[in-house]
Amino acid sequence: MLSSEGFNLWAGGYDQSVRVSDEENSYPFAGYKRVLGRIYAGIREMDARQVLDIGLGTGILSGRLYRDGCHITGIDFSDRMLQIAREKMPDAILIRHDFSTGLPQQLQGEIFDAIICTYAIHHLPDPRKTPFLAQLQKHLDPGGKIFIGDVAFSSRSDLEACRRISGDEWDDEEFYLVADEILPLFPGAHFDPISFCSGILTIPRL
């Protein structure tokens, strides 16, 4: 996993790196635009106004929601990523924080219509994903949803197939979501595969 300094250095070329991988339909960002598009559509369909973005990066998705009038709260541990996001969303609440330690103190008691986390949850080891997602559920209002879009797989066998195909490009320091290991823990949750290496996990408030 890159450190915050590593993400600071990558920030300027991040969007371009993602675009190339998506257009080439290659690991790890194959399906990236479709993932963000589906989440965007889901949030607009539910008419969410208060949105929390976990690991918002340069604010690609949040920036679009911001322009639509959503009130954005975002967290990221890269100063440079936050700087780029702030240029897109000057009135958003943006917090420098490493979500691997949980949510920042500033969000205690805050409630959101939607919580999004795109291409960031893979930084959490599998045993820590479930407690973190359960923590996020407590910050949803009635009818609220969590949208997790990332490198993700329906099953462990699908993950292993992608690992074999990707060869040396595979990142062994990231922990990709496996839907059939998560879904039984969250009633009402569902997973939508988007590409051979991406998908969207949606979790409602309990």
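Atoms considered below: every heavy atom in the structure, side chains included; atoms not considered: hydrogens, waters and symmetry mates. As the structure is a prediction and not an experimental result, all values here were calculated from the model.
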**Item:** Arg128 (side chain) donor-acceptor with Ser100 (main chain) under 3.5 angstrom
**Value:** yes

**Request:** Check the pair Leu65, Tyr40 against side-chain contact (heavy atoms from CB on, under 4.5 Å), reporting the backbone distance first and the verdict last.
**Result:** CA-CA 7 Å; Leu65 292 167; Tyr40 171 81; 3.6 Å; yes

**Request:** For Asp113 and Gln50, indicate whether the former's side chain and the latter's backbone hold a donor-acceptor pair under 3.5 Å.
**Result:** yes

**Request:** Determine, using the 4.5 Å side-chain heavy-atom cutoff (strictly less than), whether Phe186 and Leu52 are members of one ILVMFWY cluster.
**Result:** yes

**Request:** Say whether Phe196 and Phe191 are linked into one hydrophobic cluster, either directly or through other cluster members, by side-chain heavy-atom distances under 4.5 angstrom.
**Result:** no

**Item:** Polar side chain donor-acceptor pair, Ser78 to Asp76, under 3.5 angstrom
**Value:** no

**Request:** Evaluate the side-chain proximity of His139 to Ile115: yes if any heavy-atom separation is below 4.5 Å, no if none is.
**Result:** yes

**Verdict with supporting geometry, Tyr176 and Asp171, side-chain contact (heavy atoms from CB on, under 4.5 Å)** = CA-CA 10 Å; Tyr176 298 130; Asp171 192 339; 3.9 Å; yes

**Item:** Interatomic spacing from CG in Leu185 to OG1 in Thr130 - rounded to 0.5 Å
**Value:** 5.0 Å

**Request:** Give a yes or no on this: more than 12 heavy atoms of other residues, nucleotides or ligands lie within 6.0 Å of atom CD of Glu160.
**Result:** yes

**Message:** Between Asp192 and Arg38 (salt bridge meaning N to carboxylate O under 4.0 Å), is one present in this structure?
**Reply:** no

**Asked** Which pair of non-hydrogen atoms, one from Ala114 and one from Ile43, has the smallest distance, and what is that distance?
**Response** CB-CG1, 4.2 Å

**Close side-chain approach of Ile95 and Leu107, heavy atoms under 4.5 Å** = yes

**Asked** Short question: side chain of Ser195, backbone of Ala30 - any donor-acceptor pair under 3.5 Å?
**Response** yes

**Request:** Would you please test Cys162 and Trp170 for side-chain contact (heavy atoms from CB on, under 4.5 Å) and show each step?
**Result:** CA-CA 8 Å; Cys162 184; Trp170 184 263; 3.7 Å; yes

**Item:** Rounded distance (nearest 0.5 Å) linking atom NZ of Lys33 with atom CD of Glu23
**Value:** 5.0 Å

**Message:** Quiz question: by atom type and distance under 3.5 Å, do the side chains of Gln83 and Arg80 form a donor-acceptor pair?
**Reply:** yes

**Prompt:** Are Ile54 and Phe112 connected, step by step, through hydrophobic side chains (Ile, Leu, Val, Met, Phe, Trp, Tyr) whose heavy atoms are closer than 4.5 Å?
**Reply:** yes

**Request:** Determine yes or no for a side-chain-to-main-chain donor-acceptor pair under 3.5 angstrom, with Lys129 supplying the side chain and Ile182 the backbone.
**Result:** no

**Complete:** In short, Ala48 meets Arg44 closest at the heavy-atom pair O-NH1, 4.4 Å

**SB check Asp79 Arg96 (cutoff 4.0 Å)** = yes

**Message:** If hydrophobic clusters are built by linking Ile, Leu, Val, Met, Phe, Trp and Tyr wherever their side-chain heavy atoms come under 4.5 Å apart, do Leu36 and Ile72 end up in the same one?
**Reply:** yes

**Request:** State whether the side chain of His97 and the backbone N or O of Gly102 hold a donor-acceptor pair below 3.5 Å, judged by distance alone.
**Result:** yes

**Asked** Is the backbone of Gly55 close enough, under 3.5 Å, to the side chain of Tyr119 for a donor and an acceptor to pair up by distance?
**Response** no

**Asked** Do the side chain of Ser166 and the main chain of Glu169 share a donor and acceptor less than 3.5 angstrom apart?
**Response** no

**Prompt:** Hey, quick one: are Ile75 and Leu136 part of the same hydrophobic cluster, counting side-chain heavy atoms closer than 4.5 Å, chains of contacts allowed?
**Reply:** yes

**Item:** Ile116/Leu56 under side-chain contact (heavy atoms from CB on, under 4.5 Å): CA gap, chis, key distance, verdict
**Value:** CA-CA 9 Å; Ile116 59 179; Leu56 84 161; over 6 Å; no

**Request:** Please examine the side chains of Tyr66 and Val51, heavy atoms only from C-beta on, and report whether any two atoms are closer than 4.5 Å.
**Result:** no

**Asked** Quick one: does Asp68's side chain have a donor or acceptor within less than 3.5 Å of a partner on Cys70's backbone?
**Response** no

**Salt-bridge criterion met for Asp172 and Arg163 (N-O under 4.0 Å)** = yes

**Asked** Which distance, rounded to the nearest 0.5 Å, do you find between the CG of Leu140 and the NZ of Lys138?
**Response** 12.0 Å

**Message:** Quick check: do Phe147 and Cys117 have side-chain heavy atoms less than 4.5 Å from each other?
**Reply:** no

**Prompt:** Is Arg205 reaching over with its side chain to a backbone N or O of Ile146, donor-acceptor style, under 3.5 angstrom?
**Reply:** no

**Item:** Thr202 backbone acceptor or donor facing Lys145 side chain under 3.5 Å
**Value:** no

**Request:** For residues Pro187 and Pro204, report the shortest heavy-atom separation together with the two atoms involved.
**Result:** O-CG, 3.9 Å

**Request:** Kindly indicate whether the side chain of Leu177, heavy atoms from C-beta on, has any atom under 4.5 Å from the side chain of Asp150.
**Result:** no

**Message:** How long is the straight-line distance from CZ of Arg34 back to CD1 of Ile194, given to the nearest 0.5 Å?
**Reply:** 6.5 Å

**Asked** Could you give the distance from OG1 (Thr118) to CD1 (Ile200), rounded to the nearest 0.5 Å?
**Response** 10.0 Å

**Request:** Quick one: pull up CZ in Arg164 and CG in Leu159 and give me the separation to the nearest 0.5 Å.
**Result:** 10.0 Å

**Item:** Tyr27 side chain near Ile165 side chain, heavy-atom distance below 4.5 Å
**Value:** no

**Message:** For a 4.5 angstrom cut-off between non-hydrogen side-chain atoms, does Ser198 reach Tyr32?
**Reply:** no

**Fill in**
Closest non-hydrogen atoms of Val178 and Ser154, given as atom of the first, atom of the second and distance, are CG1-O, 4.2 Å

